[in-house]
Number of protein chains: 2
Amino acid sequence: MNKTIENPKAPFVPNYLLYLLAAASEAASARFHSHVRTRGLRVPEWRVMACLTDTDGSMVTELARYAMIEQSRLTKIIIQMDARGLVSRRSDPKDGRRVRVFLTPQGRTLADELVADARAHELELLKSFQGGDGTEIKDTLRALIRHLESDQPDQADGTASLAGNAEIADS
Amino acid sequence: MNKTIENPKAPFVPNYLLYLLAAASEAASARFHSHVRTRGLRVPEWRVMACLTDTDGSMVTELARYAMIEQSRLTKIIIQMDARGLVSRRSDPKDGRRVRVFLTPQGRTLADELVADARAHELELLKSFQGGDGTEIKDTLRALIRHLESDQPDQADGTASLAGNAEIADS
DNA sequence: CCAAGAAACATGAATTTTCATATAAATCTT
DNA sequence: AAGATTTATATGAAAATTCATGTTTCTTGG
């Protein structure tokens with residue numbers, strides 16, 4: 001049932017890099033994302049929380065880039081998270097246009113738990129996948145991201161990844 | 001020693017495999033996706049078209065798995081594409097529950113063009129990235145996908161990737 | 001200092017997506 | 001062969017997302 005016998009030649013989709021990247025991302029994330037939902041968060045909310053554990057107090061625009069979420073969408077997500085007590089929004093005293101986003105104590109507790117879960121999940125995955133710590137695949141992905149961002153500077157969706165920001169290699 | 005304050009050490013997000021996969025996918029796709037929109041398609045529609053170039057006449061459920069789109073959402077997308085004349089839907093004579101989806105002549109013309117564009121874009125990307133044909137990164141991604149799908153059979157979103165289906169390695 | 005422009009967020013309307021469930025057609029059971 | 005189950009797709013209401021644009025607050029040149 002799985003074999004595509006109709007097509008005698010190489011199929012396009014399963015060999016297409018952009019498909020493989022998307023499929024790998026989805027497949028790798030599926031389990032953890034459903035864990036996240038179990039904890040009462042949607043995926044974009046989890047992304048915001050995770051980013052804030054790295055850069056608590058970022059402004060909305062920064063956070064949008066980090067979390068790969070379009071700005072106006074992020075604003076709405078943050079407002080909801082604020083209402084739920086997960087984050088708080090304070091305008092920057094130095095620049096009234098900016099809104100800085102902080103984890104509340106409750107938000108931090110949840111974020112820390114989930115980050116711990118994410119790390120554990122990642123470890124398991126990497127161990128079961130190739131037995132290593134993932135240095136190789138991660139380096140490849142980072143190189144790809146860096147390549148794409150340098151060589152092709154403008155992003156259609158106005159987001160940009162953070163991967164160039166890793167200050168210290170994964171241990 | 002001092003771990004109470006903001007973590008100046010390795011940030012979590014930029015070293016997290018699931019982030020790197022998502023970011024790489026987004027970064028690699030951004031340009032081509034905006035080309036797709038230029039041609040009047042949204043990304044999910046492009047995915048449907050691309051899948052149909054491989055497996056014209058699939059039923060909705062199959063297509064949903066191939067294109068990584070949830071079934072009820074795909075149904076709606078297909079209805080729109082039908083209305084636009086890109087695909088046609090015919091119920092399977094052998095099994096009246098099934099709806100088979102075919103590219104119309106117009107749809108095929110557009111699909112073929114875009115697949116050609118996608119191949120060209122992929123070639124350029126791979127050439128500029130590591131000079132090769134992408135065998136290495138593709139093999140890694142396929143291995144990861146296969147690993148995830150075997151080891152962790154149930155997908156939260158009811159989708160599954162196609163990557164195991166490649167009968168012929170990329171040329 | 002003022003006007004013009006830019007930057008940072010917010011907002012609203014149109015559209016999409018999600019989730020649960022309805023409908024319909026096969027298949028299985030006994 | 002009737003009823004029960006399963007499979008395939010559709011549907012509706014609620015919610016999220018998108019896109020263009022509005023508002024407010026800096027910044028800068030004159």
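Proteins get letters first, then strands, A, B, ... in listed order; numbering begins at 1 in each.
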**Student:** Is it true that B/Asp95 and B/Arg97 have a side-chain N and a carboxylate O under 4.0 angstrom from each other?
**Tutor:** yes
**Student:** Mind checking if B/Arg100 touches a base, just sugar-phosphate, or nothing, with heavy atoms under 4.0 Å?
**Tutor:** nothing
**Student:** May I ask you to say what A/Gln80 touches in the nucleic acid, namely base, sugar-phosphate or nothing, with a heavy-atom cut-off under 4.0 Å?
**Tutor:** sugar-phosphate
**Student:** What is the distance, rounded to the nearest whole Å, between atom CE of B/Met81 and atom C1' of C/dT16?
**Tutor:** 15 Å
**Student:** Ignoring backbone atoms, establish whether B/Arg89 has a side-chain N or O less than 4.0 Å from OP1 or OP2 of D/dA10.
**Tutor:** yes
**Student:** Rounded off to whole Å, could you give me the CZ-to-C1' distance for the A/Arg90 and D/dT25 pair?
**Tutor:** 20 Å
**Student:** How many whole angstroms separate atom CD of B/Glu45 from atom C1' of C/dT16?
**Tutor:** 11 Å
**Student:** Of B/Asp95 and A/Ser72, whose nearest nucleotide on DNA chain D comes first from the 5' end?
**Tutor:** B/Asp95
**Student:** Give the rounded distance in Å between these two atoms: CG of B/Leu74 and P of C/dT16.
**Tutor:** 14 Å
**Student:** Tell me whether A/Arg119 forms a cation-pi arrangement with B/Phe12, defined as NZ or CZ under 6.0 Å from the six-membered ring centre and within 45 degrees of its axis.
**Tutor:** no
**Student:** Look at A/Arg73 and D/dA16 and indicate whether a side-chain polar atom (N or O) is within less than 4.0 Å of OP1 or OP2.
**Tutor:** no
**Student:** Just N and O in the side chain of B/Arg98: are any of them under 4.0 Å from OP1 or OP2 of D/dA8?
**Tutor:** yes
**Student:** Whole-Å distance between C/dA26 C1' and B/Asp92 CG?
**Tutor:** 12 Å
**Student:** Have a look at A/Thr61 and say if it touches a base, only the backbone sugar-phosphate, or nothing, with a 4.0 Å heavy-atom cut-off.
**Tutor:** sugar-phosphate
**Student:** In terms of side-chain heavy atoms, does A/Ser58 have a donor or acceptor partner in A/Thr55 at a distance below 3.5 Å?
**Tutor:** yes
**Student:** Please give, in whole Å, the distance from D/dT17 C1' to A/Met68 CE?
**Tutor:** 16 Å
**Student:** Once you measure the plane-to-plane angle for A/Phe129 and B/His147, does it fall in the parallel (<30°), tilted (30-60°) or perpendicular (>60°) bin?
**Tutor:** tilted
**Student:** Over how many whole Å does the gap from A/Arg37 atom CZ to C/dA20 atom P extend?
**Tutor:** 11 Å
**Student:** Where the side chain of A/Thr75 is defined as all heavy atoms beyond and including C-beta, which of D/dA16, C/dA10, C/dT17 is the nearest nucleotide?
**Tutor:** C/dA10
**Student:** So for B/Lys76 and C/dT18, does any side-chain atom that can act as donor or acceptor lie under 3.5 Å from a complementary atom in the base?
**Tutor:** yes
**Student:** Where each residue is assigned the nucleotide of DNA chain D containing its nearest heavy atom, which of A/Arg97 and A/Gln71 is assigned the position nearer the 5′ end?
**Tutor:** A/Gln71
**Student:** For atom CD of B/Glu124, decide whether the heavy atoms of other residues, nucleotides or ligands shown that lie under 6.0 angstrom number more than 12.
**Tutor:** no
**Student:** Just how far, in rounded Å, is P of D/dA8 from NZ of B/Lys94?
**Tutor:** 17 Å
